[in-house]
Amino acid sequence: QVRLAESGGGSVQAGGSLKLSCTASGHTAARYCLGWFRQAPGKERTGVATTFVGGSASYYATSVRGRFTISTNAAKNTAYLQMDDLKTEDAGTYFCAAAFKWSGGSCLSFSKFDEWGQGTVVDVGD
């Protein structure tokens, strides 16, 4: 059974940093998509960043480009989201997502993801 386990959420002041982690287990794919989405209270879930295990290319929402960095450790089946210069509008529940049937350039959008973690909460105070 596929499982995505997130960690690293918490509370931070605006301008601060947090690093989220997501470890994927229960799958057999060697190359696959991993990404991060977020959902603010009362709003729809939106894409934040994507990449793929086995490569280095990444894709970001305009609102986070230049402040957030997604990376992976293939040996650990883990994705990270380094979030710097956090703003109050970055607050919400962050979800790790995966797409094990896709890899490479197909991962560089928010549309392929069909496996989800439970989410980790990020709170940004002003």
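Quick caveat, the model's predicted, so the values are computed rather than measured. Excluded from the calculations below are hydrogen atoms, water molecules and symmetry mates; all remaining heavy atoms, backbone and side chain alike, are included.
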Donor-acceptor pairs under 3.5 Å, side chain of residues 119-126 to any protein atom, not counting sequence neighbours: which ones?
| unit_1 | atom_1 | unit_2 | atom_2 | d |
| --- | --- | --- | --- | --- |
| Thr120 | OG1 | Gly9 | N | 3.2 |

Discussion item. Could you report the tightest heavy-atom contact between Cys33 and Ser103, atom names first, then the distance?
Written reply: SG-N, 4.1 Å

Practice prompt. Would you indicate whether Arg65, at its atom CZ, is surrounded by more than 12 heavy atoms from other residues, nucleotides or ligands within a distance under 6.0 Å?
Written response: yes

Practice prompt. Could you state whether Leu20 and Val53 fall into the same hydrophobic cluster, counting links through intermediate Ile, Leu, Val, Met, Phe, Trp or Tyr residues with side-chain heavy atoms under 4.5 angstrom apart?
Written response: no

Item to complete: Return each pair, listed once, that meets ring pair (Phe, Tyr, Trp, His ring centres under 6.0 Å) where at least one residue sits in residues 5-34; pairs must be two or more places apart or across chains.
Response: His27-Tyr32, His27-Phe100, Tyr32-Phe100

Worksheet item: Sequence neighbours excluded, which residues qualify as side chain to side chain contact (heavy atoms under 4.5 Å, CB included) partners of Asp85?
Response: Arg67, Lys87

Item to complete: Using the ring pair (Phe, Tyr, Trp, His ring centres under 6.0 Å) rule, collect all pairs that involve residues 41-75, keeping only residues at least two apart or in two chains.
Response: Tyr59-Phe110

Worksheet item: What distance separates Gln1 CD from Ser25 OG, expressed to the nearest 0.5 Å?
Response: 9.0 Å

Worksheet item: According to the disulfide bond (SG atoms under 2.5 Å apart) rule, which pairs have a member within residues 70-99, sequence neighbours left out?
Response: Cys22-Cys96

Worksheet item: So if you build clusters from Ile, Leu, Val, Met, Phe, Trp, Tyr with side-chain heavy-atom gaps below 4.5 Å, do Trp36 and Trp116 land together?
Response: no

Worksheet, complete the sentence: So OG of Ser21 and CG of Leu81: to nearest 0.5 Å the spacing works out to 9.5 Å

Fill in: Same apolar cluster: Tyr80 and Leu34, side chain cutoff 4.5 Å
no

Practice prompt. Establish, from distance only, whether the side-chain atoms of Asp84 and Ser17 form a donor-acceptor pair under 3.5 Å.
Written response: yes

Worksheet entry | Heavy-atom pair with the smallest gap, counting every atom of Ser58 and Ile70 | CB-CG2, 3.6 Å

For residues 37-51, which side-chain donor-acceptor pairs fall under 3.5 Å, sequence neighbours excluded?
| unit_1 | atom_1 | unit_2 | atom_2 | d |
| --- | --- | --- | --- | --- |
| Arg38 | NH1 | Asp90 | OD1 | 2.9 |
| Arg38 | NH1 | Tyr94 | OH | 2.9 |
| Gln39 | NE2 | Lys43 | O | 3.0 |
| Thr50 | OG1 | Cys107 | O | 2.7 |
| Thr51 | OG1 | Ala57 | O | 2.7 |

Worksheet item: Quick one: does Glu115's side chain get under 4.5 Å of Val2's, heavy atoms only?
Response: yes

Worksheet item: Is the shortest heavy-atom distance from the side chain of Glu6 to the side chain of Leu4 under 4.5 Å?
Response: no

Discussion item. Would the distance check show the side chain of Thr78 and the main-chain N or O of Lys76 forming a donor-acceptor pair, the cut-off being under 3.5 Å?
Written reply: yes

